[in-house]
Amino acid sequence: MKIRSLYSVLLLVSVVMALCACHSTEKNYKDSYEKAVAASRVGEKGEIYAQELEKRKKANYVVDGDSIRLLRNHFNIVDDKVEMIKKYNVVVAEFKQKFNAQSYRDRLRNEGHASYVVYISAQKLYCVVVEGYDEFGPAATFVKNPEKYMKIKVLSPRAWVLTRI
């Protein structure tokens, strides 16, 4: 009988030890993600990424002596009313996944911005608009210095203005 209870205790201890030892931490996931991102930005893929990043930063429109990026494209609003869309939309983040764009939009809304998500189907890209304007001047002013108007970090390489074709 004593041997049987000794085996039971040893079995219980080994199960508890196995459960404690076999778990992933947030740090492990973050480290793996950072390694994967770093690996994708080297070699030929790294050159393509650098070229794409420069293209996304490039200013193509001059207003009051400053250059900003202005993109004219077809897009649709995601999960909100069409009436929210203004003529000039200040984009501060770009995502491939809808969930990430919505999450960032919600953070901006909590900060007090009239933020919304638009989808550019030609690029398969969800863009988060922090504010929309009927006039170009206020949009350009926001784009020149977005840190002045928002506390959350701009996730695009550079804030830019989106308008419909």
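- We find the CG-CD distance between Asp79 and Gln102 to be 4.5 Å, quoted to the nearest 0.5 Å.
- Side chain of Thr163 to main chain of Arg72: no donor-acceptor pair is present (N/O by atom type, distance under 3.5 Å, no hydrogens or angles).
- Note that CG of Asn73 and CG of Asn89 are 12.0 Å apart. Values are rounded to the nearest 0.5 Å.
- The two residues Leu155 and Ala93 make their nearest non-hydrogen contact at CB-CB, 3.8 Å.
- For Leu10, the side chain to side chain contact (heavy atoms under 4.5 Å, CB included) partners at least two apart in sequence or on another chain are Leu6.
- Taken from CG in Leu162 to CD in Glu94, the straight-line distance is 10.0 Å, to the nearest 0.5 Å.
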Tabulate below the donor-acceptor pairs under 3.5 Å that side-chain atoms of residues 117-138 make, not counting sequence neighbours, or state none.
from: Glu131; atom 1: OE2; to: His113; atom 2: ND1; distance (Å): 2.9
from: Glu131; atom 1: OE2; to: Ala114; atom 2: N; distance (Å): 3.4

- Message: Applying side chain to side chain contact (heavy atoms under 4.5 Å, CB included) to Ile152 and Val92, what does each step give before you reach the verdict?
- Response: CA-CA 10 Å; Ile152 298 174; Val92 292; over 6 Å; no
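- Judged by distance alone, with hydrogens and angles left aside, the side-chain atoms of Arg69 form no donor-acceptor pair with the main-chain N or O of Ala159 at under 3.5 Å.
- Phe99 and Phe95 fall into different hydrophobic clusters, where Ile, Leu, Val, Met, Phe, Trp and Tyr residues are linked whenever their side-chain heavy atoms come under 4.5 Å apart, directly or through other members.
- Residue Lys144 holds its NZ atom at 9.5 Å from OH of Tyr149, rounded to the nearest 0.5 Å.
- Atom-to-atom distance recorded for Glu83:CD and Ile77:CD1 is 8.5 Å, nearest 0.5 angstrom.
- The side-chain tip of Arg105 does not point at the ring of Tyr116 from less than 6.0 angstrom away and within 45° of straight on.
- In terms of the side chain to side chain contact (heavy atoms under 4.5 Å, CB included) criterion, residue partners of Val13 (sequence neighbours excluded) are, by chain and number, Val9, Met17.
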